[in-house]
Amino acid sequence: MLLNVSYNNLEVKRKIDTQVGPPFTIRERLKMKGIGSSKLFITSASIEIHNLLILDSYINTCNIEMRPNGIIVGFRSLLESYALIIPYYKLSLYKGKAEEYSIFRDHYFIKIRAKSNDKATHKFIKKIMDYKAENLPLGPEGL
């Protein structure tokens with residue numbers, strides 16, 4: 001789900017919390033040693049996201065925030081902030097090219113650059129995958 005999160009809208013906040021859960025508490029954030037990524041450079045994106053990114057001439061960047069039930073990929077276009085809301089059960093994250101990660105949800109995707117010497121990005125992607133593996137139900141009985 002792609003949402004405009006520029007304004008403090010309670011309906012948008014409710015949709016986000018329903019999909020990926022409320023934000024982690026301060027204690028949980030400290031225990032996890034952070035829940036947010038550094039600045040990530042976008043190499044390509046699905047058509048809906050690409051159409052937003054080409055509206056300005058800035059370098060296309062994003063960040064990722066972990067939530068209890070998913071992730072939020074945030075990016076800016078012109079003066080607006082957008083978020084791609086991805087629950088863990090719909091998250092497909094894999095390494096395609098040598099220096100690129102692909103993040104998919106249904107027909108939306110964002111590909112980010114991760115150079116071999118960029119240890120923070122690789123460590124954060126591993127943290128997302130580990131958290132997803134620990135917190136997803138194993139089968140239909142867990143639903």
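Reckoned from all heavy atoms, side chains included, excluding hydrogens, waters and symmetry mates. Here the structure is a predicted model, which is why all the values come from computation and not from measurement.
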How about [X] and [Y]: do any of their side-chain heavy atoms sit closer than 4.5 Å?
{"X": "Met66", "Y": "Lys127", "result": "yes"}
{"X": "Lys132", "Y": "Leu91", "result": "yes"}
{"X": "Pro87", "Y": "Arg105", "result": "yes"}

Review point. Under the side-chain contact (heavy atoms from CB on, under 4.5 Å) criterion, do Asp106 and Lys90 qualify, and how do the steps go?
Key: CA-CA 7 Å; Asp106 300 334; Lys90 288 194 173 206; 3.2 Å; yes
Exercise for review: Please write out which residues are connected to Phe104 in a hydrophobic cluster, directly or through intermediates, given that two of Ile, Leu, Val, Met, Phe, Trp, Tyr count as joined at side-chain heavy-atom separations below 4.5 angstrom.
Suggested key: Tyr94, Phe109
Check your understanding: What's in the same ILVMFWY side-chain cluster as Ile72, cut-off under 4.5 Å, chained through other members?
Key ->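 Grouped by the 4.5 Å side-chain rule, Met1, Leu3, Val5, Val12, Ile16, Val20, Ile85 form the rest of the cluster around Ile72.
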Check your understanding: Step by step, would you call Ser38 with Thr121 a side-chain contact (heavy atoms from CB on, under 4.5 Å)?
Key -> CA-CA 7 Å; Ser38 57; Thr121 301; 4.2 Å; yes
Practice item. Tell me, with the steps shown, if Asn63 and Lys39 meet side-chain contact (heavy atoms from CB on, under 4.5 Å). Key: CA-CA 5 Å; Asn63 67 328; Lys39 184 189 293 188; over 6 Å; no
**Study point:** ring pair (Phe, Tyr, Trp, His ring centres under 6.0 Å) contacts touching residues 112-136 (sequence neighbours left out)
**Key:**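 Only Phe24-Tyr131, Tyr88-Tyr131, Tyr101-His122 qualify under ring pair (Phe, Tyr, Trp, His ring centres under 6.0 Å).
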Check your understanding: Any chain of hydrophobic side-chain contacts (each under 4.5 Å) joining Met129 to Ile110?
Key -> yes
Practice item. Please check if Ile71 and Phe41 belong to a single hydrophobic cluster, counting links between Ile, Leu, Val, Met, Phe, Trp and Tyr side chain heavy atoms closer than 4.5 Å. Key: no
Point to revise | Nearest-0.5 Å distance, CD1 of residue Ile42 to CG of residue Asn60 | key: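 Interatomic distance, Ile42 CD1 to Asn60 CG, rounded to 0.5 Å: 5.5 Å.
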Review point. So, Thr43 and Arg113: side-chain donor and acceptor under 3.5 Å apart, yes or no?
Key: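 No.
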Practice item. Could you go through the side-chain hydrogen bond (donor to acceptor under 3.5 Å, both in side chains) check for Glu28 and Thr25 one step at a time? Key: CA-CA 5 Å; Glu28 291 170 323; Thr25 63; 3.3 Å; yes
Point to revise | Test log, rule side-chain hydrogen bond (donor to acceptor under 3.5 Å, both in side chains), inputs Tyr7 and Glu80 | key: CA-CA 9 Å; Tyr7 310 104; Glu80 304 286 317; 3.0 Å; yes
